[in-house]
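First the structure, in the form of structure tokens, and then the observations on it.
Note that the structure is predicted; figures quoted are calculated from it, not measured.
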Amino acid sequence: QVQLVESGGGLVQAGGSLSLSCAASGRTFSKYPMGWFRQAPGKEREFVAAINWSGGRTSYADSVKGRFTISRDNAKNTVYLQMNSLKPEDTAIYYCAAASDSYYYSPPLAGLSEYAYWGQGTQVTVSS
């Protein structure tokens with residue numbers, strides 16, 4: 001059973017930065033793509049960023065490209081999301097996700113259905 005635990009959310013002013021972490025356990029972390037998604041009140045969960053199994057390839061939503069950076073440390077079983085130049089519209093619950101078992105050694109994945117394991121979420125609030 002894969003377990004994901006996020007940390008690092010909080011309240012920040014517009015233009016500020018936050019760093020999220022997600023610690024994984026339960027299977028061989030380094031074989032699978034990882035992703036970050038977010039869900040704002042009244043909206044559907046949306047893709048933010050993804051990273052392939054090795055960390056050599058990444059993918060971003062257009063809304064965060066150039067401001068957010070996803071990375072991973074396979075030795076620590078952890079994936080990160082560095083968020084800079086935050087905007088009020090970035091306010092949401094941020095979820096870490098691990099790809100389904102069939103996607104080992106896959107490139108970055110942007111689809112909700114490609115992820116089978118989810119963290120509990122961490123709140124990010126950006127004030128104007």
Side-chain angles (χ1 to χ4, degrees):
Q1 181 72 16
V2 176
Q3 293 187 326
L4 303 172
V5 179
E6 301 108 334
S7 60
L11 172 65
V12 65
Q13 287 189 333
S17 298
L18 279 176
S19 181
L20 305 183
S21 299
C22 173
S25 62
R27 68 177 181 185
T28 305
F29 177 78
S30 59
K31 286 185 178 180
Y32 299 92
M34 298 290 294
W36 287 95
F37 291 75
R38 67 186 182 187
Q39 188 165 17
K43 294 188 176 181
E44 295 186 349
R45 192 169 299 190
E46 64 175 8
F47 169 73
V48 175
I51 191 165
N52 77 326
W53 60 275
S54 68
R57 293 176 62 184
T58 57
S59 177
Y60 296 93
D62 288 343
S63 59
V64 307
K65 204 170 292 183
R67 300 187 297 121
F68 291 12
T69 302
I70 187 171
S71 61
R72 67 190 294 161
D73 185 337
N74 285 344
K76 295 182 178 180
N77 289 356
T78 302
V79 62
Y80 305 95
L81 185 68
Q82 177 64 40
M83 305 183 292
N84 298 329
S85 301
L86 282 160
K87 305 175 181 179
E89 52 263 44
D90 293 318
T91 295
I93 299 174
Y94 283 70
Y95 296 91
C96 171
S100 302
D101 293 349
S102 59
Y103 288 105
Y104 55 89
Y105 298 133
S106 290
L109 304 171
L112 273 168
S113 63
E114 293 162 327
Y115 292 87
Y117 308 102
W118 296 85
Q120 81 285 357
T122 185
Q123 177 71 46
V124 171
T125 303
V126 184
S127 63
S128 57

Quick one: list whatever passes side chain to side chain donor-acceptor pair (under 3.5 Å) with Lys65, sequence neighbours left out.
Asp62
Could you name each residue pair satisfying disulfide bond (SG atoms under 2.5 Å apart) that touches residues 36-70, not counting sequence neighbours?
none
So which pairs with a foot in residues 41-78 pass disulfide bond (SG atoms under 2.5 Å apart), sequence neighbours left out?
none
Whether the side chain of Gln13 engages the backbone of Ser127 through a donor-acceptor N/O pair (distance < 3.5 Å, no angle test) should be reported.
no
Could you pull out all residues at least two apart from Arg45 that satisfy salt bridge (Lys or Arg N to Asp or Glu O under 4.0 Å)?
none
Kindly give the heavy-atom pair with the smallest separation between Leu81 and Ala49, and that separation in Å.
CD1-CB, 4.1 Å
Does the Asn77 side chain pair with the main chain of Phe29, one donor and one acceptor, at a distance under 3.5 Å?
no
Just by distance, do the side chain of Arg57 and the backbone of Asn52 share a donor-acceptor pair under 3.5 Å?
no
The criterion is side chain to side chain donor-acceptor pair (under 3.5 Å); which residues satisfy it with Thr125, sequence neighbours excluded?
Gln123
Taking only residues two or more places apart in sequence or in another chain, which ones pass ring pair (Phe, Tyr, Trp, His ring centres under 6.0 Å) with Phe47?
Phe37
So which pairs with a foot in residues 69-85 pass salt bridge (Lys or Arg N to Asp or Glu O under 4.0 Å), sequence neighbours left out?
none
How far does CD of Glu6 sit from OH of Tyr94, to the nearest 0.5 angstrom?
12.5 Å
Side-chain donor or acceptor of Ser19 paired with backbone N/O of Gln82 under 3.5 Å
no
From OG (Ser25) to CG (Leu4), nearest 0.5 Å:
7.5 Å
Output the distance between atom CG (Asn74) and atom OG (Ser54), rounded to the nearest 0.5 Å.
8.0 Å
When every non-hydrogen atom of Val48 is compared with those of Val64, the smallest separation belongs to O-CG2, 3.5 Å
Of all heavy-atom pairs linking Ser17 and Ser85, the shortest is OG-N, 4.3 Å
Output for pair (Ser128 OG, Glu89 CD), nearest 0.5 Å, gives 10.0 Å
Student check: side-chain heavy atoms of Val124 and Met83 closer than 4.5 Å:
yes
Disulfide bond (SG atoms under 2.5 Å apart): pairs with one or both residues in residues 76-128, sequence neighbours excluded:
Cys22-Cys96
How would you list, by chain and number, every residue that makes a ring pair (Phe, Tyr, Trp, His ring centres under 6.0 Å) with Tyr104, sequence neighbours excluded?
none
Looking only at non-hydrogen atoms, find the nearest pair between Leu18 and Leu86 and report the distance.
N-CD1, 3.8 Å
Return the set of residues passing salt bridge (Lys or Arg N to Asp or Glu O under 4.0 Å) with Glu46 (not counting sequence neighbours), or none when no residue passes.
Arg38
Tyr32-Ile51 co-clustered via ILVMFWY side chain contacts under 4.5 Å
no
Taking only distance into account, with no hydrogens and no angle test, what donor-acceptor pairs under 3.5 Å do side-chain atoms of residues 106-117 form with protein atoms, sequence neighbours excluded?
unit_1, atom_1, unit_2, atom_2, d
Ser106, OG, Tyr103, O, 2.9
Glu114, OE1, Gly111, N, 2.9
Tyr115, OH, Leu109, O, 2.5
Tyr117, OH, Asp101, OD1, 3.2
Tyr117, OH, Asp101, OD2, 3.3

Any side-chain to backbone donor/acceptor pair from Gln39 onto Ala92? Under 3.5 Å, distance only.
no
Mind jotting down which residue pairs meet the ring-ring contact (aromatic ring centres under 6.0 Å, His included) criterion with at least one end in residues 53-81? Sequence neighbours excluded, please.
Trp53-Tyr105
